[in-house]
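Worksheet for the structure shown next.
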Number of protein chains: 2
Amino acid sequence: MEARRCFSDEGYDGTSLNDIAAGVGIRRASLLHHFPSKEAVYQAVFERALSDWAIRIEDAIERPTAEGWDYVEQVLTTVVYWFAENPDFVRLVRRESLAAANDHLGFDLGEALRPWFQQAVNYFDREMGEGRFRKHDPEQLIISGYGAILNYFSEVHFIHSLLGRDPLAEDALEAWLQHILAWFRTALEP
Amino acid sequence: MEARRCFSDEGYDGTSLNDIAAGVGIRRASLLHHFPSKEAVYQAVFERALSDWAIRIEDAIERPTAEGWDYVEQVLTTVVYWFAENPDFVRLVRRESLAAANDHLGFDLGEALRPWFQQAVNYFDREMGEGRFRKHDPEQLIISGYGAILNYFSEVHFIHSLLGRDPLAEDALEAWLQHILAWFRTALEP
DNA sequence: CCCTACCTACCGACCGGTAGGTAGGGCAAC
DNA sequence: GTTGCCCTACCTACCGGTCGGTAGGTAGGG
């Protein structure tokens, strides 16, 4: 969907139906022929984005091609590349979780991601319990890791300005991924 | 400033001058008697927020009451409590660095924070060079740590929904701080 | 007497949404 | 094969409401 770019670039309030309609080459009234309201457009965009993400993540999680640390590395790498390839998604999610404190839409991102979160917590609990990973609070670990990773992609502009180079360039991204993996590995190694 | 709450809660586009004026008990026209435009109000709010932060951070950095890991722990703790006590600030900064990719204002948050960033990079370089910390890329380390910490406070609603408890409650915050400190410590210990 | 702070009243622009009209493709009846 | 019909997709034109900003007036204190 083209509208995803608008909402993720300008936010819900900053995007007018005219912007979206112009982006796909029709008029506002024609856009409202396909969606009953602006909120419905946003909802469709957001659910589609979440669903795209879910497909990719499920694929990486379900496939047990590795175990122990290699499995964690595989999932983290998949997530990182997904974020790198879908910057709009990252910004959309960021905006949504910022706006969620008010109302905006009935969305509860936490509720949507909770199953995966629980799955990850259970995984770490099991692995830590069997001594394959160093003991941590899995909830804290996942939240901090998620924050560190998501932040890199939602603050691309800021980091670019800090470092003076494009953090999404291929070599920079690869170096950062290795850094994140090393960080997790250091924390998880028994 | 009261307006900070509006901008951080609703964003620039989502905040009208009427909202701000009503919040301080005057009319919009009276607000525009003190500021030439809405952008000027926002600019004042943002610069004031940055300046508040700068004061607190400078204070924590300049005072060499500790060294080695204790110094890092002191600075991290200061930052965390500042964020916890100023949720508006966190959300404002988050919104700004999301919006910065377009235009919105001439703000360059990266430029504003670069001196501190460089200072921190130099500090870690020195300490790592002298073997007091394990070797890492200091830039990556700082960016990841900043991301993990900032994320916790900008996604309070999301984390609340994930965990089912308030992440800003005193005990939860303290537990999280200990987790973050442990994480950094594990990464930095030689 | 003027200056500051505040007010009401207004402006043009743009917003989301609706009403109503039209061009054209698919399809059944003749 | 032609005719008539309907449905989908799109359009222009308009609505009430809100936006940021301005003009001009007033009350009150130094």
Separation of [N] [atom2] from [X] [atom1] (nearest whole Å):
X      : N       : atom1 : atom2 : answer
I20(B) : dG21(D) : CD1   : P     : 11 Å
K38(B) : dG20(D) : NZ    : P     : 4 Å
L31(A) : dT8(D)  : CG    : C1'   : 16 Å
D13(B) : dC15(C) : CG    : P     : 11 Å
F35(B) : dC6(C)  : CZ    : P     : 12 Å

Think [X] has a side-chain N or O under 4.0 angstrom from the OP1 or OP2 of [N]?
X      : N       : value
H33(B) : dA5(C)  : yes
R28(A) : dG16(C) : no
N18(B) : dC19(D) : yes
S16(B) : dT18(D) : no
S30(A) : dC11(D) : yes

Is the shortest side-chain N to carboxylate O distance from [X] to [Y] below 4.0 Å?
X       : Y       : value
E127(A) : K135(A) : no
R56(B)  : D52(B)  : no
E10(A)  : R91(A)  : no

Shortest non-hydrogen contact from S161(B) toward D108(A):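 So the minimum-distance heavy-atom pair works out to OG-OD1, 2.8 Å.
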
Hey, which of Y81(A), Y152(A), W183(A) is the one that makes ring pair (Phe, Tyr, Trp, His ring centres under 6.0 Å) with W176(A)?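 So, applying the ring pair (Phe, Tyr, Trp, His ring centres under 6.0 Å) to W176(A) and each of Y81(A), Y152(A), W183(A), only Y152(A) qualifies.
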
What does L17(B) touch in the nucleic acid at a heavy-atom separation under 4.0 angstrom: a base, only the sugar-phosphate, or nothing?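 Counting heavy atoms under 4.0 Å across all strands, the contact made by L17(B) is with sugar-phosphate only.
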
Does I26(A) reach a base, just sugar-phosphate, or nothing at all? Heavy atoms under 4.0 Å.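 Sugar-phosphate only.
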
Watson-Crick/G-U partner (both atom distances under 3.5 Å) of dC7(D):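 Partner of dC7(D): dG24(C).
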
What is the pairing partner of dG17(C), taking Watson-Crick or G-U wobble pairs with both distances under 3.5 Å in any strand?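 The base-pairing partner of dG17(C), which may sit in any strand shown, is dC14(D).
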
Given that A29(A) and L32(B) both sit by DNA chain D, which one's nearest nucleotide is further toward the 5' end?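 Closer to the 5' end of DNA chain D: A29(A).
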
